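Input: a single structure, listed below in structure tokens.
Just so we're on the same page: letters track the sequence lines, and every chain starts at 1. Keep in mind the model is a prediction, meaning the values are calculated, not measured.
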There are 2 protein chains.
Amino acid sequence: MAGSRGKRGGSTLAEVANAAGVSKMTASRVLRNTSGSTEETRDRVMREVRRLGYVPNRIAAAFGSDQISTLVGVCVPRLKSDLFGSVLDSINQTLSNFGYQTMIGTHEQSPEAEEAWLRAILAWRPAGVILSGHTHTRGTIEILRAQSIPVVEVWNLNTSPLDISVGFNHFDCGHEMGRFVLSKGHQNIAYVGAEAGAAGMGKVRQEGFKAALSDSGKDFVTEEVLVDRPNFYAGFYGTENVLNRISKVDAIYYQDDTMAVGGLFYCKSKGLKAAGDVGIAGWGGMEIASVLPERLTTTTVTTQALGKTAAESLVARIRGEPVQDITVAATRLVPGNTV
Amino acid sequence: MAGSRGKRGGSTLAEVANAAGVSKMTASRVLRNTSGSTEETRDRVMREVRRLGYVPNRIAAAFGSDQISTLVGVCVPRLKSDLFGSVLDSINQTLSNFGYQTMIGTHEQSPEAEEAWLRAILAWRPAGVILSGHTHTRGTIEILRAQSIPVVEVWNLNTSPLDISVGFNHFDCGHEMGRFVLSKGHQNIAYVGAEAGAAGMGKVRQEGFKAALSDSGKDFVTEEVLVDRPNFYAGFYGTENVLNRISKVDAIYYQDDTMAVGGLFYCKSKGLKAAGDVGIAGWGGMEIASVLPERLTTTTVTTQALGKTAAESLVARIRGEPVQDITVAATRLVPGNTV
DNA sequence: AGAATAAATGTTACCGGTAACTCAACTCAT
DNA sequence: ATGAGTTGAGTTACCGGTAACATTTATTCT
């Protein structure tokens, strides 16, 4: 494909300008809608743009001007997840509306993976980054400081954020649910979660719940954290383990709704009734709950709003507009009838 | 933050080279491991790289050399989806291993949205793109031709692809399931789907199933395609509609497993037994099926393999290595006991 | 009408890397 | 010891836009 230094596909701005009989600069101005241009000049340039199929080269633009690129890096734990998927979708939508491109990465709850991703992404001189890890390596923090690049930490609420934090108060979610479950008279409460690799925010909700138990002089009668990703099967299996180990368990707090639904199915398979025999509480407000015969007791979370706010905050910071450093995204305990 | 043309964070290659007492070019070569350099030169450069916290500027690199960038654009219908999430995850992993960065976009089954995304992405001169739309606008096709950029179409199998196609044979999935459902003696079969905007590949599976019915001189007794995204509730609601309309329906083919599960729950709520009263067949092999008391009759699909193959094929094409133009990703009908 | 002002367009230099080429130093065979 | 071959390092030009400044053309005002 062309010689060593030949260009690939499209034509250049110079070619467009030449064909339109104007200078490169004029063509550039027309394309960016900066300052006034004559109706006629504008038309001439645009005609050639269409005729030649000119595609602007943002790499050259980002490079040539000091103007920061329109790339934004977003790193989430994983993509195969309703909740993170929803957040990412929302972030991407919003950024896209503001003219930014999203570059993704996944860290699977590994701070080192997050750092590796960050190093690779920074080479593209992004306008900003959105992180979702709850802990960062020393390296990550140093790099971000050195580059003085806008950063939004999402998902978990960080009260002393690197820059901006938009997240749920996981501790409070757990604490509130703990009080609720206790208020329903449950005595022997267990926790079932799943963490592959480093702990995510489920751990914090667990601690919040534990604090509520502690306020009543109690504690979890047992805790089961599988080495797995939170999914239906982990919930099913974790529940089996817990109930086999300590039969008096009369309520279980799950890391999230998928696991809670798994647990619910386990109970059903054993003829145990939710709430009556075993209270079941989840987190996340996932969709499946809406068609279960039971209304799952859970905490619904506003993933869309979270993503939107995160993206908007980042854009505002990039543009130098005033931004709220810490935003708590809404969560709401939905009683249901499984507790 | 510095004057009009001042640079933001890090130092430049020239600064590193200067500090190390070598030329820019030598430093560049050391960093890229090209040709030999003395152990000593290498050390001197790397020491300065670390000391100055130098982050290479890929924008400048991509711009300066004719070498195509390491960006790859990937456009999926939506991010909040287990199946697409899994594909995207797999694509991203694989590309990342090969040193590529993934830039995402969503099209929500709108060919126009796909084209708009493509135009924006091409401005970054990506090394290649991965599309998942089953139809493309004329504009999309023209642009891709003009840019002569590697393209992989995923998800649906395109027998005359723009470039490379890696996908499932949705028609065959439907056809196979149709034959299976018929073989179980069901007579009055309905279809329940959901399409927000343009039709996705569910439509093709529906046609495959229809063809199987046609082979036996039959047709769907009714078809219900809601204007919604495929989810549990749409399955629940669609089933209600279908059964209320035509009570003799004794089997339903669903657009996917989430909808089938929704339908299953509707049936349960009405005291109808799956298989016995109403046969239920889904598609996708989604996780929830694994904890249902029933084993859902469905077609499992290899999303991970699909993503991996798509990414690998794209990389091979980018590198000019031989590639298989069309790859059929595996699907398997899992009988279960709901039909 | 001619000067003052505003608007549209042109010129020049540069962003930070890398390809292609040139040059210097060192190795080795005759 | 001398010339050919090899290897490490330096020079130069350039990628395709855009900021800053210079210049021309159109408009307004006295």
So does B:R29 reach the base of D:dG10 with its side chain, donor to acceptor, closer than 3.5 Å? yes

Consider the side chain of A:F63, meaning its heavy atoms from C-beta on, and name the nucleotide among D:dA9, C:dC15, C:dG10 that approaches it most closely. C:dC15

Among D:dG17, D:dA9, C:dA8, which nucleotide sits nearest the side chain of A:T41? C:dA8

Between B:Y54 and C:dG16, is there a side-chain N or O to OP1/OP2 distance below 4.0 Å? no

From CD of B:E15 over to P of C:dC15, roughly how many Å is that when rounded to an integer? 11 Å

Can you say whether a donor on the side chain of A:K24 sits under 3.5 Å from an acceptor on the base of D:dG17, or the other way round? yes

Roughly how many Å is it from CZ in A:R42 to P in C:dA8, rounded to a whole number? 10 Å

Look at the side chain of A:S90 and the backbone N and O of A:S86, then say whether any donor-acceptor pair between them is shorter than 3.5 Å. no

Using whole Å, what does the distance between atom C1' of nucleotide C:dG17 and atom CZ of A:R125 come to? 11 Å

Could you state the CE-P distance from B:M25 to D:dC14, rounded to the nearest angstrom? 16 Å

Interatomic distance, A:W124 CH2 vs C:dG17 C1' [rounded to whole Å]: 12 Å

Side-chain N or O of B:S65 less than 4.0 angstrom from OP1 or OP2 on C:dG17? no

Please give, in whole Å, the distance from D:dG17 C1' to A:I59 CD1? 12 Å

For D:dG10, does either OP1 or OP2 sit under 4.0 Å from a side-chain N or O belonging to B:T26? yes

Would you check if the side chain of A:T38 reaches a backbone N or O of A:T41 as a donor-acceptor pair within less than 3.5 Å? no

Is the distance from OP1 or OP2 of C:dA19 to the nearest side-chain N or O of B:R32 less than 4.0 Å? yes

If we ignore hydrogens and angles and just use 3.5 Å, is the side chain of A:R44 paired with the main-chain N or O of A:A20 as donor and acceptor? yes

Assert: residue with more 5' nearest nucleotide on DNA chain D, out of B:A60 and B:G21, is B:G21

Intermediate values then yes/no, side chain to side chain contact (heavy atoms under 4.5 Å, CB included), A:W117 and A:L131: CA-CA 10 Å; A:W117 170 83; A:L131 303 177; 3.7 Å; yes

Does C:dG10 have OP1 or OP2 sitting under 4.0 Å from an N or O in the side chain of A:S23? yes

Any side-chain N or O of A:T12 less than 4.0 Å from the OP1 or OP2 oxygen of D:dG17? no

Measure from CD on A:E40 to P on D:dT25 and round the result to the nearest Å. 15 Å

Taken to the nearest whole Å, CZ/A:R58 to C1'/C:dC15 is 17 Å

Kindly say if A:S28 contacts the phosphate of D:dT18, meaning a side-chain N or O under 4.0 Å from OP1 or OP2. yes

Hey, is B:E312 close enough to B:K308 for a salt bridge, meaning N to O under 4.0 Å? yes

Given C:dG16, C:dT9, D:dG17, the nucleotide with the shortest approach to the side chain of A:T38: C:dT9

CA sep, side-chain torsions, deciding dist, call: A:V30, A:V22, side chain to side chain contact (heavy atoms under 4.5 Å, CB included): CA-CA 11 Å; A:V30 167; A:V22 298; over 6 Å; no

